[in-house]
Amino acid sequence: MYKIRKKIALNKDVDLMVIEAPLVSKNTKPGHFVIVRTNKDSERIPLTIVEKDDETITIIYQKLGYSTIELSHKKENESLEDVVGPLGKAKVLGDESRILGIAGGVGAAPLYPQLKAYADKGTHVDLIIGGRTKEHLILMDKYEKICENIYIATDNGSAGTKGFVTDVMKEVYKTNNYDLAIAIGPLIMMKNAYLVNKDYNLETEVSLNPIMIDGTGMCGNCRVSINGKNQFACVDGPDFPAEGIDFDELMHRQSYYKDKEHECRINLGDENDQ
Amino acid sequence: MTNRQMMPLQDKIIRNSNFTEVALGFDLKQVHLEASRCLDCKDPRCVKACPVKINIPKFIKEILEEKYEVAYQTIYEDNILPSVCGRVCPQENQCEGDCILGIKFESVSIGALERFLGDYSLKHQIFKQENIIDNGHKVAVIGSGPAGLSFAASIRRLGYKTDIYEALHDYGGVLRYGIPEFRLPKAVVGQEIQRLESLGIQFNKNTIIGKTLTVEQLMKEYDYKALFIASGAGLPRSLNIQGENLNGVYYANEFLTRVNLMKAYQFPKHPTPVKVGDTVCVVGGGNVAMDAARVAKRLGSKNVFILYRRDMNALPARKEEVEHAVEEGIEFNLLLNPVEIIGKDYEVQAVKAEIMELGELDQSGRHRPMPTGQFKTIKIDSCIIAIGQSPNPILKNTTKDLKTDKKDRIMVKGYQTSIPGVFAGGDIVTGAATVIEAMGAGKCAAEEIDKYIKDTFS
Ligand SMILES: Cc1cc2nc3c(=O)[nH]c(=O)nc-3n(C[C@H](O)[C@H](O)[C@H](O)COP(=O)(O)OP(=O)(O)OC[C@H]3O[C@@H](n4cnc5c(N)ncnc54)[C@H](O)[C@@H]3O)c2cc1C
Ligand SMILES: Cc1cc2nc3c(=O)[nH]c(=O)nc-3n(C[C@H](O)[C@H](O)[C@H](O)COP(=O)(O)OP(=O)(O)OC[C@H]3O[C@@H](n4cnc5c(N)ncnc54)[C@H](O)[C@@H]3O)c2cc1C
Ligand code: SF4
Ligand code: SF4
Ligand code: FES
């Protein structure tokens with residue numbers, strides 16, 4: 001059993017959990033993720049390992065659908081049924097000297113360990129972070145410690161620029177240049193960030209989040225087309241260069257079960273009402 | 001001579017909308033009638049054809065003497081999962097295929113008798129009290145499929161402390177995530193595995209060797225004297241044709257894992273969903289294809305068909321599975337080779353296949369399918385690709401010096417891999433095979449490892 005040592009609400013939609021999982025943390029490196037099952041019959045859901053120490057791993061999740069809401073019902077000192085990992089390929093750090101992180105929404109969570117690893121080895125790191133409102137910007141205190149400059153975009157203008165991260169990117173590029181951009185957030189944001197960067201000849205890396213089941217390369221659910229070839233995001237990724245990724249296909253694959261998810265949510269609602 | 005007894009089945013109209021078991025097992029009267037057919041051969045051909053060499057005439061004689069518990073123990077010596085093998089062995093190619101009665105008449109229904117004894121022991125909780133004396137050495141097993149389980153039981157009995165590491169959240173490998181409930185109830189798998197726990201074998205779930213712990217860490221930090229890799233052939237093979245990533249196209253592994261491991265057939269009680277639609281195309285002709293087709297039918301699809309590039313005689317699936325599939329209304333579109341999956345707005349709509357004809361006999365002794373240059377397009381709502389599995393490359397990719405062949409199978413000599421102390425067996429070595437062959441490998445590897453440890457450490 002995997003005990004929840006600490007649980008903090010980062011905002012009304014996003015929680016942080018520190019989970020006892022010494023065996024998972026043992027080989028964890030930046031870029032790794034876990035697959036979690038909250039209860040005995042739960043779905044398997046992938047979540048990035050944001051931080052770790054010898055005994056625990058930290059996850060941050062957005063309450064989006066049935067399974068993440070189910071997870072959010074767990075309290076401190078309760079336990080999760082299953083946590084398996086570390087999964088995926090660890091981030092390979094290049095010798096770039098200036099890195100730009102681009103975070104959208106809860107994408108700030110998976111981005112953090114990667115930027116931190118770069119900052120730790122002395123790379124100059126800047127961040128553009130976007131969210132719906134000021135409250136939706138997460139991990140700001142941590143980012144402030146590792147980033148030279150932080151630029152903010154919110155949908156309603158409650159902090160930083162009113163607009164999307166792509167608007168801020170174009171502003172920032174007027175006076176700054178970078179060797180590499182790492183963009184993590186909703187697929188549509190990663191796609192648009194990539195398209196903007198292409199105009200500036202700036203290479204973009206993204207972290208893909210297709211639907212997964214086993215996370216070990218067994219089922220093939222997580223396949224994505226990259227330059228016309230199939231890659232399994234759970235074992236070949238989840239980080240990939242954005243060049244050549246079929247984002248549109250992936251967006252459709254991600255929403256394949258939308259109608260079913262709705263059915264399931266109704267079920268969750270019923271349970272709560274009782 | 002009495003006729004071969006027929007196994008009673010759930011009615012075909014009822015069963016094709018539920019997930020409870022299709023084959024109901026012999027009653028006691030049938031068991032005796034069937035057992036009485038065996039000639040108790042002096043040089044029994046059936047035994048030679050069983051990959052683990054179960055003493056078949058002996059357990060059949062014990063059945064006739066109504067010593068069911070003893071008969072069960074006879075099997076258990078060589079096969080720790082009789083309830084499983086009785087159900088899923090391709091008996092027509094193994095024990096029953098060589099039974100002397102089969103030459104002029106019909107072979108003894110060995111699998112059904114084995115199943116009876118296995119189930120009898122589970123029902124009456126017969127359990128052999130084994131006195132295992134620890135010898136102070138530790139071994140680790142990677143994977144809890146048939147090969148890993150069989151190895152673990154054999155090596156534990158020799159006194160080794162035995163730890164199983166499994167990547168998934170439940171044990172049994174393909175028995176758990178691949179073969180569906182209506183063919184192999186998961187309660188049976190669970191009970192047979194529980195028995196092994198009571199031998200003192202330790203089971204660790206959620207532990208991917210190569211990720212959570214590496215082979216090197218197991219050897220250096222955990223003081224295992226030897227490892228047995230039984231990680232199976234879990235990588236889906238792709239058709240490599242246009243349209244494979246459309247919504248509604250599944251690899252059989254995903255489809256079956258959703259349904260069996262995650263219990264999507266009980267959605268939304270179990271929150272993992274699955275979708276099939278009215279018309280389902282299953283590409284392939286083996287057990288996996290039959291399982292996928294029959295699952296799709298049970299999920300409510302009206303038309304389910306197998307698309308296979310050879311003819312009916314060449315289907316590699318177990319005979320019984322094909323018969324049951326036909327009874328349940330699965331259609332067979334044969335001599336068709338898919339060349340494209342057609343879609344619109346990223347959703348599958350049709351499959352285009354080339355019409356094939358039978359050519360010369362090939363290496364496998366079957367007629368080679370030859371292209372005709374003519375095509376056929378069939379409208380579908382989903383497509384399940386079941387054309388085989390390759391070994392999972394996680395261990396290869398994370399273990400320096402572990403030699404594999406071109407097909408990613410781990411290379412062994414007498415179960416010994418290229419790394420001293422690391423052994424391997426089952427599908428990871430042979431490529432996709434059968435449950436009992438994997439178990440046979442586990443059993444033999446245990447003897448090899450015992451020898452290796454005794455030679456090396458004492
Ligand atoms: C490698 C990886 C790392 C991830 N890391 C994080 C993380 O650190 N924090 C976090 O909040 N989320 C992360 N995700 C996404 C997270 O797994 C999904 O949000 C979660 O599975 C949704 O499950 P649900 O049942 O709550 O929502 P659902 O009701 O299943 O889905 C809600 C919506 O989310 C989309 N969705 C469904 N499954 C996924 C999925 N696997 N990934 C992305 N979107 C999905 C669908 O389009 C759906 O409409 C990660 C995903 C991957 C693949
Ligand atoms: C759908 C289907 C139907 C079948 N029907 C039949 C049938 O009717 N009769 C028959 O005889 N055979 C059948 N087979 C074939 C048979 O199931 C296999 O040959 C047999 O299961 C192989 O056993 P194994 O122990 O080598 O591997 P598996 O059963 O594949 O078990 C391997 C286990 O290792 C785990 N694992 C993998 N990598 C790691 C790792 N790195 N760390 C930890 N754990 C790991 C996996 O999660 C899995 O649990 C069928 C196969 C399928 C897929
Ligand atoms: S284990 Fe399989 S092959 Fe061997 S006797 Fe039993 S059913 Fe036949
Ligand atoms: S070959 Fe057939 S008849 Fe002979 S011992 Fe085996 S099962 Fe009995
Ligand atoms: S999640 Fe199953 S192969 Fe990647």
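To find a chain, count down the sequence lines: A is the first, B the second, and so on, and within it residues start at 1. Side chains are part of it too, since the values below use all heavy atoms of this structure and drop only hydrogens, waters and symmetry mates.
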What distance separates A:D259 CG from B:K275 NZ, expressed to the nearest 0.5 Å?
3.5 Å
Sub-3.5 Å donor-acceptor pair from the side chain of B:T212 to the main-chain atoms of A:G85, do we have one?
yes
Whether B:Y346 and A:H252 hold their rings parallel, tilted or perpendicular, with breakpoints at 30° and 60°
parallel
More than 12 foreign heavy atoms under 6.0 Å from NZ of A:K121: is that the case here?
yes
Given a strict heavy-atom distance threshold of 4.5 Å, which part of A:I45 is in contact with chain B: side chain, backbone, both, or neither?
neither
Nearest heavy-atom approach of A:V84 to B:A167 is CG2-O, 3.8 Å
With distance as the sole criterion, is a donor-acceptor pair present between the side chains of B:Q217 and A:N27 under 3.5 Å?
yes
Part of A:R37 within contact of chain B (heavy atom distance under 4.5 Å)
side chain
Charged N to carboxylate O under 4.0 angstrom, A:E43 versus B:R258?
no
Check A:D82 with B:K205, please: is the shortest side-chain N to carboxylate O separation under 4.0 Å?
yes
Hey, is the main chain of A:M218 close enough, under 3.5 Å, to the side chain of B:N253 for a donor-acceptor pair?
yes
Give the member of B:I208, B:N245, B:L168 that has the highest number of heavy-atom pairs under 4.5 Å with chain A.
B:N245
For the interface with chain A, which of B:M262, B:H169, B:K211 has the highest count of heavy-atom pairs at distances below 4.5 Å?
B:H169
Where do A:N221 and B:Y250 land on the side-chain hydrogen bond (donor to acceptor under 3.5 Å, both in side chains) test, with the steps shown first?
CA-CA 7 Å; A:N221 198 173; B:Y250 294 91; over 6 Å; no
Among A:L250, A:D214, A:N230, who wins on heavy-atom pairs under 4.5 Å with chain B?
A:N230
Is A:S42 close to chain B through its backbone or its side chain, or both, or neither, when contacts mean heavy atoms under 4.5 Å?
backbone
Leading residue by heavy atom contact count with chain A [cutoff under 4.5 Å; candidates B:S238, B:G248, B:P393]
B:G248
When heavy-atom pairs shorter than 4.5 Å are enumerated against chain B, which of A:G228, A:S225, A:S25 gives the highest number?
A:S225
Start with the C-alpha distance between B:V249 and A:R223, add both sets of side-chain angles, then the distance that settles side-chain contact (heavy atoms from CB on, under 4.5 Å), and finish with yes or no.
CA-CA 11 Å; B:V249 181; A:R223 62 193 188 273; 4.0 Å; yes
